[in-house]
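Have a look at the structure below before the remarks.
Naming: A, B, ... by sequence-line order, numbering from 1 per chain. Small disclaimer: the values here were computed from a predicted structure and weren't measured.
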Protein chains: 2
Amino acid sequence: MNRRALDPGGSSSDSDDLRPSPLPLYQQVKRHLVQRVLAGEWKPGLSLPSEQKLAQEYKLSQGTVRKAIEEMAQEGLVSRRAGRGTFVTSHSGNYEPFRFHRLFDNEGRRIATDAVSFVRVEDKHIHARAAAGLELDHSAPGTECVRLRHLEDEPVLVEQIVLGARLTPNIAPALERERPPSIYQLLERDYNLLVTRVVERARARGATHEEADLLNIAEGTPVLEVERVAYSLGGEPVEWRIMVGETSKIHYLQTSD
Amino acid sequence: MNRRALDPGGSSSDSDDLRPSPLPLYQQVKRHLVQRVLAGEWKPGLSLPSEQKLAQEYKLSQGTVRKAIEEMAQEGLVSRRAGRGTFVTSHSGNYEPFRFHRLFDNEGRRIATDAVSFVRVEDKHIHARAAAGLELDHSAPGTECVRLRHLEDEPVLVEQIVLGARLTPNIAPALERERPPSIYQLLERDYNLLVTRVVERARARGATHEEADLLNIAEGTPVLEVERVAYSLGGEPVEWRIMVGETSKIHYLQTSD
DNA sequence: CAGTGGTCTAGACCACATC
DNA sequence: ATGTGGTCTAGACCACTGA
């Protein structure tokens with residue numbers, strides 16, 4: 001194991017592998033490739049070098065590089081197609097743009113494709129709950145966005161989205177101007193942040209006055225509240241959001257594996 | 001004793017490949033191994049033959065068998081430990097007994113370990129909603145069980161569990177007698193049914209009179225309702241359940257990948 | 001100690017996509 | 001025709017487990 005062309009050279013300092021079990025080569029390759037994707041060396045939607053090329057570059061066998069890329073593909077970071085190549089996952093492309101949306105109507109359609117209307121976008125201090133999710137100091141600067149999703153012209157879901165200014169500075173104008181149905185496309189295009197993992201917590205409670213007003217229901221009506229933290233490829237929390245809806249027409253769907 | 005129960009057609013013998021792309025060998029091996037596990041050839045908690053043995057048996061290379069087993073492990077069907085072997089996943093053993101429970105208290109503990117009290121167990125016709133989930137005819141025979149989970153001596157979750165009599169005949173006595181915290185252990189031990197996949201739908205609504213009574217809350221209080229269908233290794237729906245709880249102390253947690 | 005899974009290599013042939 | 005990923009082989013060495 002002397003090849004060791006692997007060294008990010010940047011932030012990390014793992015040139016002293018004296019641990020009894022150093023990270024397997026394919027894991028080192030994977031970590032290195034992830035960093036290169038993160039750094040923007042290969043843009044979303046475009047292809048990585050072939051296994052052969054990478055194997056030559058790292059001076060490893062093709063099988064080792066293959067295993068690294070296979071894990072990346074399994075995590076949804078890249079997608080592979082025989083005869084074509086390996087492509088960086090893109091929310092902008094047609095590759096599963098709304099894969100994190102688990103709210104469906106009763107006919108099994110995703111609540112994401114229909115009309116979305118923006119209620120407000122404003123820069124403000126992050127409230128305590130979002131700050132906790134984003135692992136930020138209380139009242140750090142950020143942007144808050146409230147919007148509404150519809151189903152057959154009826155409002156069914158209120159979303160409050162909070163983004164920290166550190167990772168996504170000055171995002172409000174783009175949100176106001178473009179009102180994109182997928183925030184994650186924007187994060188990818190403008191900030192090179194690829195959301196690869198989300199954690200969601202669901203609760204039931206009564207609708208607040210504002211929610212009742214927006215959803216056209218009575219205050220106190222039982223609603224489902226889904227709180228989400230979205231993490232970037234690097235593992236940093238980049239977005240906090242809360243989704244609230246009355247569940248006679250929609251539900252939250254989860255399938256194991 | 002089976003040599004080449006699979007059918008790849010060899011390298012140069014009569015290659016009557018009708019299909020343009022026959023299933024890869026490792027997929028055939030996987031399917032065959034899954035069947036053998038299903039048939040009870042290796043009991044849950046005990047080990048499969050080693051990769052070497054299986055490779056010899058199937059007359060394939062170790063790498064091919066390895067790939068089959070790796071996929072089985074990824075699906076949670078077996079678990080592998082270096083130096084020990086490959087073991088059939090067991091709910092009875094200590095291998096992730098409550099891995100499908102996604103309800104947690106606010107300190108991150110699973111709502112499954114504390115006391116469970118049974119309200120009633122009875123054989124009866126399956127109600128329409130459960131029948132739909134279990135893919136059974138309306139009012140097919142079955143067993144219904146209502147129980148209560150506690151958190152620090154307070155009731156926090158009502159569960160109604162419905163099982164069809166076709167797959168799990170005469171299960172009521174065992175439920176009454178043992179009142180097991182994990183139904184899936186019982187299904188595995190007494191019916192050779194291994195639950196490997198669940199689909200859950202969450203909604204918010206007001207508590208019914210009975211639920212309010214059991215949970216010690218007011219009727220109409222917003223509660224989270226999680227409806228679950230559990231599928232066996234063979235893909236058949238074996239259990240329908242609904243879990244209802246007030247969510248000031250608990251929540252539903254979901255992590256992508 | 002012998003046996004297990006985990007890693008790694010260096011080849012081979014294939015189906016497929018693109019030019 | 002060329003290059004891609006997908007499959008498959010037949011070895012090798014390692015760390016870990018258990019007797």
OP1 or OP2 of [N] sitting under 4.0 Å from any side-chain N/O of [X]?
| X | N | result |
| --- | --- | --- |
| Ser50(A) | dT4(D) | yes |
| Ser61(B) | dG11(D) | no |
| Thr86(B) | dG5(C) | yes |
| Tyr26(B) | dC8(D) | no |

Nearest-Å distance for atom pair [atom1]/[atom2], residues [X] and [N]:
| X | N | atom1 | atom2 | result |
| --- | --- | --- | --- | --- |
| Leu48(A) | dT4(D) | CG | C1' | 13 Å |
| Gln62(A) | dT9(C) | CD | P | 11 Å |
| Glu70(B) | dT7(C) | CD | C1' | 11 Å |
| Leu54(B) | dT4(C) | CG | P | 10 Å |
| Leu23(B) | dT7(D) | CG | P | 10 Å |
| Arg66(A) | dT4(D) | CZ | P | 12 Å |
| Leu25(A) | dA10(C) | CG | P | 12 Å |
| Lys67(B) | dG6(D) | NZ | P | 8 Å |

Salt bridge (Lys or Arg N to Asp or Glu O under 4.0 Å) involving Glu51(A) - partner list, sequence neighbours excluded: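 Salt bridge (Lys or Arg N to Asp or Glu O under 4.0 Å) list for Glu51(A), sorted by chain: Arg66(A), Arg80(A).
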Single hit among Glu75(B), Glu70(B), Gln35(B) for side-chain hydrogen bond (donor to acceptor under 3.5 Å, both in side chains) with Lys30(B):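 With Lys30(B) as partner, Glu75(B), Glu70(B), Gln35(B) yield a single side-chain hydrogen bond (donor to acceptor under 3.5 Å, both in side chains), made by Glu75(B).
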- prompt: Looking across every strand, which nucleic acid part, if any, lies under 4.0 Å from Arg81(B) by heavy atom: base, sugar-phosphate, or nothing?
  reply: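 It contacts sugar-phosphate atoms only.
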- prompt: For Lys53(B) and Gln27(A), take the nucleotide of DNA chain C holding the closest heavy atom to each; which residue's nucleotide lies nearer the 5' end?
  reply: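 That would be Lys53(B).
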field: Leu38(B): partners by side chain to side chain contact (heavy atoms under 4.5 Å, CB included), with sequence neighbours left out
entry: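 Checked Leu38(B) against side chain to side chain contact (heavy atoms under 4.5 Å, CB included); matches are Leu233(B).
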Axial cation check for Phe87(B) ring with Arg81(B), 6.0 Å and 45° limits: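 Verdict for Phe87(B): a cation-pi partner in Arg81(B).
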Quick test: give all pairs of protein nitrogen or oxygen and nucleotides 17-19 of chain C nitrogen or oxygen below 3.5 Å, distance rounded to 0.1 Å.
from	atom 1	to	atom 2	distance (Å)
dT18(C)	OP1	Arg84(A)	NE	3.1

field: Ionic contact status for Arg31(A) with Glu71(A), cut-off 4.0 Å
entry: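 Looking at Glu71(A) and Arg31(A), the cut-off is not met.
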task: Could you please name the option among dG5(D), dT7(D), dG6(C) that lies closest to any side-chain atom of Arg80(B)?
output: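 Nearest to the side-chain atoms of Arg80(B), counting from C-beta on, is dG6(C).
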- prompt: So, His101(A) and Arg110(A): side-chain donor and acceptor under 3.5 Å apart, yes or no?
  reply: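 The answer is no; no qualifying pair exists.
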- prompt: Can Tyr231(A) and Arg197(A) be said to form a side-chain hydrogen bond (donor to acceptor under 3.5 Å, both in side chains), step by step?
  reply: CA-CA 5 Å; Tyr231(A) 297 85; Arg197(A) 181 171 161 270; 5.1 Å; no
